[in-house]
Amino acid sequence: MRLDATLAWPFFDAAHRSHAERFETWLEAEPSARFDADALDDASVGARTRCWARDLGAAGWLAPCSRLDVRAIALSREQLAYRSALGDFAFAMQGLGSGAISLFGTAQQRERVLPGIFAGASVAAFALSEERAGSDVAALAARAQRSGDGYAIDGEKCWISNAGIADTYVLFARTSDHPTKGLSAFIVDAAQSGIALTRSIQTISPHPLGALSFSGVRIPADARLGEEGDGFRIAMATLDVFRATVGAAALGFARRAFDEARAHVMQREIYGAKLADLQIVSGMLAEMATEIDAAALLVYRAAYAKDTGAARVTKEAAMAKWYATEAAGRVCDRAVQLFGGRGVTRGEIVERLYRDVRALRIYEGASEVQQVVIARSVLKEHSLG
Ligand SMILES: Cc1cc2nc3c(=O)[nH]c(=O)nc-3n(C[C@H](O)[C@H](O)[C@H](O)COP(=O)(O)OP(=O)(O)OC[C@H]3O[C@@H](n4cnc5c(N)ncnc54)[C@H](O)[C@@H]3O)c2cc1C
């Protein structure tokens, strides 16, 4: 992957450049089997995810997640997604699953849980969604009832990445009936009795995903993050940090699809010339390249704003996630088209990218939710004058 052009942008400092270059060297030295392994089977996806988390942690590559360095997280996700959807996913979940603890945990909570996650020895998960509460977080029904000197948790969670393989869940549950101010966040040890994986969910791209049930799961009071009622704020602030980095992963998929398509059209013979010589094809390449750059600018603008002290980057992150994931979908689709029949053949890289990129327009806020967020923000800016 050619990083030099992006790294020359003013969003990055010398430490980011050095980090990205060293990470690239590490990735290039990895055996290609690690990346190819993503392609086909779902059966061992959990074990592979744990393996990615362990190796990234052991080599120190999860450090950007511990510092919440959004530019370094974004660059890492872009680099990983270029090669492996599962590698990107394992990296992202160690960040998202620990983010609420990094942001809102007490010193004791952070010391207890975070070192294992950043060393890759312990796998993290973020358990917010439920069957009837995805985009509509306020509809969340799982409950945390005061019980003795702690809480008892009951409820179901659905679409949880790393369900069943995680060691630690940051779990959101209701402590009162207020739609948003009634939510609280808890650190839950996966070994606790009463937690069961009720269903593994197979998706179009290998991803350890499942539904969980919590039945009378007892946790101590000091497992709560922040105060009772802070859960919605904690979830939104955590997503605020990581949302733009979903756009970065999309960017990695799009760059790979572009590189594959460009190489293909330059060598594919057609009508006695090269595919790249057809004007409509060069127009497609121009669109792909421009959309990739536009997405990158939005992603790194949001990451830069967060890193340089903006309290909230809700609008910028929503723009980055929405535009980059939608654009990457279009880029991967065009790449498939340019490969013709090969493009839809199992085992082709562009076929895999076409599947890998799809879920990004849904999770951590569907595209339409991002549009609502952006519109709300620009309307508010207008009313403030
Ligand atoms: C691969 C994958 C991994 C995931 N990992 C996690 C995880 O680790 N932790 C976790 O808590 N959750 C996770 N999720 C859940 C994910 O966040 C939800 O799927 C997502 O928020 C959408 O919720 P939903 O599926 O219930 O769809 P719904 O909320 O029912 O939405 C369906 C569709 O309705 C439209 N829509 C929704 N709201 C609006 C609106 N306001 N205006 C216009 N249209 C709208 C959108 O097109 C949306 O896609 C994951 C999902 C996937 C697919």
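First listed ligand is number 1; within each ligand, the first listed atom is number 1.
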Exercise for the section: Give the ring-plane orientation class for Tyr363 versus His207, where under 30° counts as parallel, over 60° as perpendicular and anything between as tilted. Expected result: tilted
Exercise for the section: Please work out whether the ring planes of Trp61 and Phe23 are parallel, tilted or perpendicular, with thresholds of 30° and 60°. Expected result: tilted
With only distance considered, is [X] within less than 3.5 Å of ligand 1 through an N or O on each side?
X	answer
Asp136	no
Ser129	yes
Gly365	no
Ser161	yes
Trp159	yes

Practice task
Would you please indicate if the ring centroids of Phe12 and Tyr304 are separated by under 6.0 Å?
Solution key: no
Problem - Phe126 ring center near Phe172 ring center (under 6.0 Å) - result: yes
Under 4.0 Å from [atom], can you find at least one protein heavy atom?
atom	result
atom 29 (O) of ligand 1	yes
atom 32 (C) of ligand 1	no
atom 7 (C) of ligand 1	yes

Exercise for the section: May I ask you to check whether Arg218 and Ser147 show a side-chain donor-acceptor distance below 3.5 Å? Expected result: yes
Handout entry: Tyr169 side chain to Asn162 side chain, donor-acceptor N/O pair below 3.5 angstrom
Key = no
What protein heavy atom lies closest to [atom]? Include the residue and the distance to one decimal.
atom	value
atom 39 (C) of ligand 1	Val369 CG2, 4.0 Å
atom 46 (C) of ligand 1	Glu368 OE1, 3.2 Å
atom 41 (N) of ligand 1	Val372 CG2, 4.0 Å
atom 20 (C) of ligand 1	Ile362 O, 3.5 Å
atom 2 (C) of ligand 1	Tyr363 CD2, 3.4 Å
atom 22 (C) of ligand 1	Ser135 OG, 3.8 Å

Fill in the blank from the handout: To the nearest 0.5 Å, atom OG of Ser76 lies from atom NE2 of His16 at 9.5 Å
Would you mind running through ligand 1 and noting each atom that sits below 4.0 Å from a heavy atom of [X]?
X	value
Glu364	17 (O)
Phe126	7 (C), 8 (O), 9 (N), 10 (C), 11 (O)
Ile160	9 (N), 10 (C), 11 (O)

Handout entry: CD (Gln108) with more than 12 external heavy atoms under 6.0 Å
Key = no
Exercise for the section: Report the part of Asn162 (side chain from C-beta onward, or backbone N, CA, C, O) that has a heavy atom under 4.0 Å from ligand 1; answer both or neither where that applies. Expected result: neither
Handout entry: Ala366 and ligand 1 - part of the residue with a heavy-atom distance under 4.0 Å
Key = side chain
Practice task
Run the contact test for Leu209 against ligand 1 with a 4.0 Å cut-off on heavy atoms, strictly below, and give the result.
Solution key: yes
Handout entry: Backbone N/O of Ala47 and side chain of Ser44: donor-acceptor pair under 3.5 Å
Key = no
Practice task
Check whether any side-chain N or O of Arg256 sits under 3.5 Å from a backbone N or O of Tyr82 as a donor-acceptor pair, and report yes or no.
Solution key: yes
Practice task
From the options Gly134, Ser367, Ala133, select the one whose nearest heavy atom is closest to atom 26 (O) of ligand 1.
Solution key: Gly134
Tabulate below the donor-acceptor pairs under 3.5 Å that side-chain atoms of residues 366-375 make, not counting sequence neighbours, or state none.
residue : atom : partner : partner atom : Å
Ser367  : OG   : Glu326  : OE2          : 2.5
Gln370  : NE2  : Glu364  : O            : 3.2
Gln370  : NE2  : Gly365  : O            : 2.9

Below 3.5 Å, can you tabulate the donor-acceptor pairs from side chains in residues 222-232 to any protein atom, sequence neighbours excluded?
residue : atom : partner : partner atom : Å
Arg224  : NE   : Gly226  : O            : 2.9
Arg224  : NH1  : Tyr151  : OH           : 2.8
Glu228  : OE2  : Arg146  : NE           : 3.2
Glu228  : OE2  : Arg146  : NH2          : 3.4
Glu228  : OE2  : Tyr151  : OH           : 2.6
Asp230  : OD2  : Glu227  : N            : 2.8

Problem - Salt-bridge present (Arg143, Asp177; N to O < 4.0 Å) - result: yes
